[in-house]
Amino acid sequence: MTTIRSLYRTLFSEYGHQGWWPLYNKKTGKIEYHQNDYSLPKNKEQSFEIGVGAILTQNTSWKNVEKALLNLYENNLLQRDIIMDVSEKKLAGLIRPVGYFNQKAKKLKIFANFKDEINRENLLNLWGIGKETADSILCYAHNKKIFVVDAYTQRIFTRLGFKDSEYDEIQQLVMDELLDIKELNEFHALLVELGKNTCKKEPLCGQCCLKKVCAYGQGASP
DNA sequence: TCCCAGGGGCCGA
DNA sequence: TCGGCCCATGGG
C-alpha cells in the first residue's frame, strides 16, 4: 500500500500546481485559476465568492458553474448583501446552467444570510451545506487546515485499495500525513484532475500515473 | 434521444 | 444507519 505523501508527489509531478480555487478576474472578465498563488482569498468578497461557487458546483461540472458565476457578475449579484435581498426566483433564473437551480437559489440565500462564526459545525447546521461543501468553504475560502473529500476522491481511494472509503476516514487518513494547508489545498485539486480525466467511471488505467501502486490498475475489482 | 454526473435533503425500512 | 428517490442542466 502506498502512502498519501507518495500519492501526492506522483500526482503533483504529473499535473503540477492546480491553482484552486477558480475565481472571477475583473480585468479579463473570466473565471481563472491561480497557479503558484496560495494567498487566496484576498478579501471578504473573494471569500464569499468561493462559498457561492462551492454551493453551485454541487453535483455539477465547473463549466456550468462558470456560466452561472458570470451571469451573477453581469447582474451585479455576486455580493452577500445583494443576494440577501434579491428574490429566489431571479437568482434561480441566473444560475440555471448549474442545474437544481431552485434548490441552489434557496441555498445561496441561506448562505448569504449566515453571519455566525465560520466553523464546520455552524456550516453543517445550514440547510444545503454538507460535509464536502463545508470543508471546501473552510479550506479554500478561509484557509483552514482541512481536507475536502469528494466522490472522485472516494472512487480513487477505493480503487487504490484503501479499505475504508468513507468520508471521515479518508479525511483523517490524509490529514494524518499532509500537515500543510497548501498541500491539502493542492491534493484535493490534483485528485479532481485525476478523477475527471483518467480515473473516470470507466477508468483509463493505461494512462494513469498511479497504475503501478493501484490495486485496480493491477487487476483488482473496483 | 438517451444516459450520465464532483451533492445534499428527506423518507422509509 | 443506509438505500432509494428527488432536484435539473449540459455534454457525449
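Only this structure's heavy atoms are used, side chains among them; waters, hydrogens and symmetry mates stay out.
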Considering only C:dG10, B:dG6, C:dT9, which nucleotide approaches the side chain of A:Arg96 most closely?
C:dT9
Just by distance, no angles: are the side chains of A:Asn197 and A:Glu193 close enough, under 3.5 Å, to form a donor-acceptor pair?
yes
With sugar-phosphate meaning primed atoms plus P, OP1 and OP2, does A:Trp21 contact a base, only sugar-phosphate, or nothing at under 4.0 Å between heavy atoms?
nothing
Heavy-atom side-chain proximity of A:Tyr216 to A:Leu160 below 4.5 angstrom:
no
How would you summarise protein contacts on nucleotides 7-13 of chain B per nucleotide, using B for base, S for sugar-phosphate only and - for none, with heavy-atom distances below 4.0 Å?
BSSS---
Length of the CD-C1' vector between A:Glu88 and C:dC7, whole Å:
14 Å
Give the rounded distance in Å between these two atoms: CG of A:Leu56 and C1' of B:dG6.
14 Å
P atoms of C:dA8 and B:dT1, separation to the nearest Å
23 Å
Would you say A:Lys201 places a side-chain N or O within less than 4.0 Å of OP1 or OP2 belonging to C:dG12?
no
Does a side-chain heavy-atom distance below 4.5 Å link A:Leu7 with A:Phe187?
yes
Quick one: A:Asn102 CG to C:dC6 C1', roughly how many Å, whole number?
13 Å
Check: A:Asp135/A:Tyr167 side-chain N/O donor and acceptor closer than 3.5 Å:
yes
Measure from CD on A:Glu66 to P on C:dG11 and round the result to the nearest Å.
12 Å
Please tell me whether A:Gln46 and A:Tyr140 have a donor and an acceptor in their side chains that are separated by less than 3.5 angstrom.
no
Whole-Å distance between C:dG10 C1' and A:Asn71 CG?
14 Å
Results of side-chain contact (heavy atoms from CB on, under 4.5 Å) for A:Asp37 - residues two or more places apart only
A:His34, A:Ser39, A:Leu40, A:Lys42
How close or far is atom C1' of B:dA5 from atom OH of A:Tyr152, stated in whole angstroms?
8 Å
What stems, by residue range, does DNA chain C take part in, given at least 3 consecutive Watson-Crick or G-U pairs under 3.5 Å?
B:2-5 with C:9-12, B:7-13 with C:1-7
Let me know, please, whether A:Gly99 or A:Glu166 comes out on the 5' side of the other along DNA chain C by nearest nucleotide.
A:Glu166
Within one Ile-Leu-Val-Met-Phe-Trp-Tyr cluster: A:Tyr38 and A:Ile146, side-chain cutoff 4.5 Å
no
Describe the nucleic acid contact of A:Lys67 in one word from base, sugar-phosphate, nothing, applying a heavy-atom distance below 4.0 Å.
sugar-phosphate
What is the distance from CD1 of A:Ile170 to C1' of B:dG6, rounded to the nearest Å?
13 Å
Parallel, tilted or perpendicular for A:His188 and A:Phe147, by the 30°/60° rule?
perpendicular
Just checking, is any N or O donor in the side chain of A:Gln58 or A:Lys107 under 3.5 Å from an acceptor N or O on the other one?
yes
Rounded to whole Å, how long is the line connecting atom CG of A:Asn64 with atom C1' of C:dT9?
6 Å
